[in-house]
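Take a look at the structure set out below.
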Amino acid sequence: MVKVRFAPSPTGFLHIGGARTALFNYVFAKHNRGKFVLRIEDTDKERSTKESEEEILDSLRWLGLDWDEGPRKSADDSMYYQTNRLDVYKKHADRLLAEGKAYRCFCSKEELDLLRREAEAQKRAFKYDGRCAAIPENEAKKRLAENTPYTVRIKVPRDGDTVIEDLVRGRVKTANSVLDDMIIVRADGMPVYNFVVVVDDADMEITHVIRGEDHLSNTSKQVHIYNALGFTPPKFAHIPLILGPDRSKLSKRHGETAVVKYRESGFLPEALVNYMALLGWSPDDEETVFSMEEMTEKFSIERVHKAGAMFDNQKLLWMNGVYIREKKSVKELAALCMPFFEAAGLKNPRSAEYFEKVVALQQEKLKTLAEFPGLSAYFFNEDAPLSEDAKKTWEKNAENRKQVIEVFVNIMKTRGASSAAQIEADIKADMESAGIKPKVYMHVIRVAVSGSTIGPGLFELVETLGAEICVKRAEKLISNG
RNA sequence: GUCCCCAUGGUCAAGUGGUUAUGACAUCGCCCUUUCAAGGCGGUAUCGGGGGUUCAAUUCCCCCUGGGGACGCCA
């Protein structure tokens with residue numbers, strides 16, 4: 001059975017790159033009726049936090065990337081945290097040591113830094129020379145007895161090539177001569193990523209490792225760990241990176257890349273998922289708007305693109321608008337808008353139905369949920385002060401505005417604002433007899449009742465606001481000159 | 001610097017040994033229209049360069065160039 005995993009380290013937020021990797025893993029697993037495992041790689045004690053773990057889990061849930069195995073999925077989920085498996089890693093490390101496939105390295109950080117700087121000065125690639133492998137056994141024992149700190153390094157063959165058959169990239173060959181004996185256990189006894197990832201993937205029987213291309217050069221190193229441990233490597237698929245506007249790997253310096261930030265900015269998870277799907281993958285038809293279920297059906301690694309993809313906010317914005325417009329339930333959309341409405345400090349003095357009516361009126365205009373309060377404030381506030389554009393419109397119609405308002409107010413007072421159709425009929429009739437053109441009165445009324453030049457259809461706008469508030473705003477405006 | 005990966009419009013992608021090189025976003029124009037959107041129609045715009053292979057290369061091979069990634073007791 002296909003089994004894949006997403007293995008974030010809880011040292012920060014779930015960012016777009018990680019989310020996209022999780023998405024590809026998820027749909028690959030679902031497509032193959034396999035399992036999607038979540039594993040927390042917390043071997044970096046310094047930077048791992050519980051808060052960031054919670055946030056990662058939240059982000060994944062929000063995106064709809066629920067995991068089959070992992071944290072919160074069973075009574076005992078300790079095996080999905082690497083810090084709970086230290087004894088397992090130690091056992092394997094000791095075994096490698098005993099078998100002579102690894103050795104203790106007594107070089108201090110300082111010494112290594114020095115070597116690294118020397119290499120840099122000579123413009124060569126730093127490569128650990130394996131000097132500690134040559135330490136005689138009794139000498140090593142002596143240092144051990146003296147409690148000299150040491151790391152454990154794995155022996156990597158000096159000759160030959162390491163070949164990876166990558167599902168996305170094909171055959172990737174690396175000369176072993178460029179590899180060095182890497183550290184698998186730190187001086188404090190904590191194993192390092194390259195080691196634990198191999199042990200865990202093997203233990204969990206992961207069949208396919210789908211991860212970012214930034215791991216490609218690590219992979220040949222990991223292959224040697226698999227070999228030393230006697231494990232069969234899984235299949236690898238290195239997916240292209242997501243790039244910032246400068247075409248370098250998307251990171252914090254490109255601005256907000258955390259999934260939660262997109263949520264807070266009013267994006268819908270289905271829009272974000274759909275957009276991310278298109279970054280490095282395409283369906284075999286020309287569809288661009290599709291659900292996760294459709295993606296699951298169609299997904300295959302063969303159709304993963306090789307080149308990195310720049311993250312295009314404009315397209316995401318467009319896609320988000322598509323999903324907002326597709327919402328069939330106004331109630332649902334209203335509930336989604338509400339947090340943004342409240343965050344903007346607005347209050348709804350009327351009924352829930354009124355709120356929903358406004359949402360329905362704005363639905364087609366929204367690119368993000370966060371735009372809702374800005375576009376809709378005049379529906380909820382007592383006053384509707386004129387925007388700059390509205391002032392211009394008001395001034396431009398200085399000649400006719402007084403008359404327009406009189407006619408309009410008269411209609412409101414005598415016949416009310418019961419329905420958009422009725423309002424339209426009344427206004428058209430009366431304005432025509434007053435000899436005022438639609439282009440004139442439409443704009444003047446809109447500005448007077450909403451303070452804005454943009455908004456829903458005028459008659460729906462008036463109907464929704466109601467006669468009372470329209471009259472109040474119009475009279476106040478005209479009395480102010 | 002060394003190693004690895006990559007290269008189709010501004011962006012994301014499709015594509016084939018012979019095509020008017022396709023779609024989406026963006027952009028421009030027109031239409032619709034009471035505003036803004038949405039929608040409709042149309043336009044501009046792409047195979048990085050050089051060598052091969054071939055009757056024929058955007059497609060296959062090599063080189064160059066360009067971009068990216070990795071070179072941690074981070075993951």
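Quick note on labels: first sequence line is chain A, next is B, and so on, each numbered from 1.
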Verify the ring-centre separation between [Y] and [X]: is it less than 6.0 angstrom?
X      : Y      : value
A:F299 : A:W281 : yes
A:F28  : A:F36  : no
A:Y275 : A:F311 : yes

By the 4.0 Å heavy-atom rule, please label [X] as base, sugar-phosphate, or nothing.
X      : value
A:K109 : base
A:S108 : base
A:T151 : base
A:N218 : base
A:R47  : base
A:S220 : nothing

Discussion item. Strictly under 4.0 angstrom, non-hydrogen atoms only: write out the protein contact profile of nucleotides 1-14 of chain B, one letter per nucleotide from the 5' end, B, S or -.
Written reply: B-SSBSS---SBSS

Discussion item. At under 4.0 Å between heavy atoms, how does the protein contact nucleotides 29-47 of chain B? Give one character per nucleotide, 5' to 3', with B, S or -.
Written reply: -----BBBBSS--------

For [Y], does the six-membered ring have the charged nitrogen or CZ of [X] within the cation-pi criterion, i.e. under 6.0 angstrom from the centroid and within 45° of the normal?
X      : Y      : result
A:R116 : A:F126 : yes
A:R20  : A:F24  : yes
A:R153 : A:Y103 : no

Separation of [N] [atom2] from [X] [atom1] (nearest whole Å):
X      : N     : atom1 : atom2 : answer
A:D113 : B:C71 : CG    : C1'   : 15 Å
A:M190 : B:A75 : CE    : C1'   : 13 Å
A:D214 : B:A70 : CG    : C1'   : 9 Å
A:I242 : B:G68 : CD1   : C1'   : 14 Å
A:Y193 : B:C73 : OH    : P     : 15 Å

Side chains of residues 158-173 of chain A: which donor-acceptor partners sit under 3.5 Å, not counting sequence neighbours?
from   : atom 1 : to     : atom 2 : distance (Å)
A:T162 : OG1    : A:N176 : ND2    : 2.4
A:T162 : OG1    : A:H224 : NE2    : 2.7
A:E165 : OE2    : A:R171 : NE     : 3.0
A:E165 : OE2    : A:R171 : NH2    : 2.8
A:D166 : OD1    : A:V168 : N      : 2.8
A:D166 : OD1    : A:R169 : N      : 2.9
A:D166 : OD1    : A:H238 : N      : 3.3
A:D166 : OD2    : A:H238 : N      : 3.1
A:D166 : OD2    : A:H238 : ND1    : 2.6
A:R169 : NE     : A:H238 : O      : 3.0
A:R169 : NH1    : A:K306 : O      : 3.4
A:R169 : NH2    : A:H238 : O      : 3.0
A:R169 : NH2    : A:K306 : O      : 3.3

Item to complete: Salt-bridge test for A:R415 and A:D430: reply yes if a basic N is under 4.0 Å from a carboxylate O, no otherwise.
Response: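 The answer is yes: the pair qualifies as a salt bridge.
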
Practice prompt. Please name all residues satisfying side chain to side chain donor-acceptor pair (under 3.5 Å) with A:E213, sequence neighbours left out, ordered by chain then number.
Written response: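 For A:E213 there are no side chain to side chain donor-acceptor pair (under 3.5 Å) partners, ignoring immediate neighbours.
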
Worksheet item: Given the rule in the salt bridge (Lys or Arg N to Asp or Glu O under 4.0 Å) test, do A:D87 and A:K91 qualify, once you have shown the distances and angles that lead to the verdict?
Response: CA-CA 6 Å; A:D87 52 334; A:K91 195 184 78 198; over 6 Å; no

Worksheet item: When you compare B:U16 with B:U46, how far apart are their C1' atoms, in angstrom units rounded to a whole number?
Response: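 Here B:U16 and B:U46 have their C1' atoms 16 Å from each other.
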
Worksheet entry | B:G17 versus B:A56 - spacing of their C1' atoms, nearest Å |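 Per the computed distance, 7 Å lies between those C1' atoms.
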
Worksheet item: With a 4.5 Å heavy-atom cut-off, do A:K367 and A:N320 have their side chains touching?
Response: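 In short, these two side chains do not touch, never coming nearer than 4.5 Å.
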
Worksheet item: Using Watson-Crick and G-U wobble pairs with both distances under 3.5 Å, what is the 5'-to-3' dot-bracket string of RNA chain B, with [ ] for crossing pairs and | for pairs outside the strand?
Response: (((((((..((((....[...)))).(((((.......)))))....(((((..]....))))))))))))....

Discussion item. Can you tell me if A:H215 is stacked onto the base of B:G69, using a 5.5 Å centroid cut-off and an angle below 30°?
Written reply: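 A:H215 ring does not meet the centre or angle cut-off for B:G69; no stack.
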
Worksheet item: With A:R47, which residues qualify under salt bridge (charged side-chain N to carboxylate O under 4.0 Å, His left out), at least two apart?
Response: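 Applying salt bridge (charged side-chain N to carboxylate O under 4.0 Å, His left out) to A:R47 gives A:D44.
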
Worksheet item: Looking only at side-chain N and O atoms, does A:R117 come under 4.0 Å of OP1 or OP2 in B:G72?
Response: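 Looking at the OP1 and OP2 atoms of B:G72, neither is under 4.0 Å from any side-chain N or O of A:R117.
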
